Amino acid sequence: MEVWLKDAGATRKLGEELAGILGPGSILILSGELGAGKTTLTQGLARGLGVTAPVASPTFTLIKEYQGRYPLYHIDLYRLEDPEVMLDLGLEEYFAGDGITVVEWGERLEAYLPPAFLGITLEYAPEGRRALITARGPAYERLLEELKKIVGPGG
């Protein structure tokens, strides 16, 4: 699925819409260049979940947890190069947890990704950003179909 995002507000709105269809145990793997909107999308997701704390990229802390309708686990792998070190973070516990897990720079974890998740790649486009959303696994394929109904063709 392709969604066009004209500005940061549209990126946050996509996050809010995702919050309406995701449930406990959901996993989002975010990819894209620096500044493409990964944290902005997560801010919208947090708002949609009722998180009141400010949401910033956990680049230096690696993992931040927020409380909303469901717990939100925000993970940033930008600074980590070695996938083995990533495993020491206990990512499997977050993936199997009762919250929504968002992993920025998830492509760095390629060999260790869970078998099912919603993948979102954010790219620069001539007028804003483009989100390419893919589903891995039947539950996420159903979520993607639900998102298509909400966002509409082409976003």
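When a residue number appears, it is its place in the shown sequence, counting from 1. Just so it is clear, the structure is predicted and the values come from calculations on it, not from any experiment.
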Pairs where residues 36-46 contributes a residue and the test salt bridge (charged side-chain N to carboxylate O under 4.0 Å, His left out) is met, not counting sequence neighbours: none
Could you report the tightest heavy-atom contact between Gly37 and Thr11, atom names first, then the distance? O-CG2, 3.7 Å
Listed once per pair and sorted, the side chain to side chain donor-acceptor pair (under 3.5 Å) pairs that draw on residues 18-29, sequence neighbours left out: none
Nearest 0.5 angstrom please: Glu104 CD to Leu77 CG, how far? 9.0 Å
Find the distance between OG1 (Thr42) and CG (Leu28) and round it off to the nearest 0.5 Å. 7.5 Å
side-chain hydrogen bond (donor to acceptor under 3.5 Å, both in side chains) involving Tyr73 - partner list, sequence neighbours excluded: Asp98
Can you tell me how far the NZ atom of Lys149 sits from the CD1 atom of Ile21, to the nearest 0.5 Å? 10.0 Å
Contact check, side chains of Ile63 and Asp76, non-hydrogen atoms, under 4.5 Å: no
Tell me whether Leu122 is reachable from Leu34 by hopping between hydrophobic residues (I, L, V, M, F, W, Y) whose side-chain heavy atoms are closer than 4.5 Å. yes
With sequence neighbours left out, write down each residue that passes salt bridge (Lys or Arg N to Asp or Glu O under 4.0 Å) with Glu107, or none if nothing qualifies. none
Using the salt bridge (Lys or Arg N to Asp or Glu O under 4.0 Å) criterion, which residues pair with Glu145? Sequence neighbours excluded. Lys148
For Ala46, which residues count as a side chain to side chain contact (heavy atoms under 4.5 Å, CB included) partner, sequence neighbours excluded? Val51, Val55, Leu72
If you look at every heavy atom in Gly23 and Tyr70, which pair is closest and at what distance? CA-CE1, 3.9 Å
For Glu123, check side chain to side chain contact (heavy atoms under 4.5 Å, CB included) against everything at least two apart and list the hits. Thr121, Arg130, Leu132
Would Glu17 and Lys13 pass as an ion pair if we require N to O under 4.0 Å? yes
Tell me the closest heavy-atom pair linking Phe95 and Val103, and the distance in Å. CE2-CG2, 3.8 Å
Ile150 and Met1: same hydrophobic cluster, using ILVMFWY side-chain contacts below 4.5 Å? yes
Considering residues at least two apart in sequence or located in another chain, which fulfil the side chain to side chain contact (heavy atoms under 4.5 Å, CB included) criterion with Gln67? Pro71
Report the distance from atom CZ of Arg136 to atom CD1 of Ile27, rounding to the nearest 0.5 Å. 10.5 Å
I'd like to check the side chain to side chain contact (heavy atoms under 4.5 Å, CB included) partners of Ala135; sequence neighbours left out, ordered by chain and number. Leu118, Tyr140, Glu141, Leu144
Got a sec, which residues hit salt bridge (Lys or Arg N to Asp or Glu O under 4.0 Å) with Glu65, two or more places apart in sequence or on another chain? none
For Tyr66 versus His74, what's the shortest heavy-atom pair and its separation? CE1-CB, 4.0 Å
Test your reading of the model: is there a side-chain donor-acceptor pair from Thr101 to the backbone of Gly97, 3.5 Å cut-off? no
Answer whether the closest heavy-atom distance between the side chains of Ile120 and Ile29 falls below 4.5 Å. no
Which pair of non-hydrogen atoms, one from Leu14 and one from Ala131, has the smallest distance, and what is that distance? CD2-CB, 4.1 Å
Kindly indicate whether the side chain of Arg129, heavy atoms from C-beta on, has any atom under 4.5 Å from the side chain of Thr40. no
Shortest non-hydrogen pair, Ala125 vs Trp4, comes out as CB-CZ3, 3.4 Å
State which residues pass salt bridge (Lys or Arg N to Asp or Glu O under 4.0 Å) with Arg12; sequence neighbours excluded, sorted by chain then number. none
Does the side chain of Leu49 come within less than 4.5 Å of Leu45's, by heavy atoms? yes
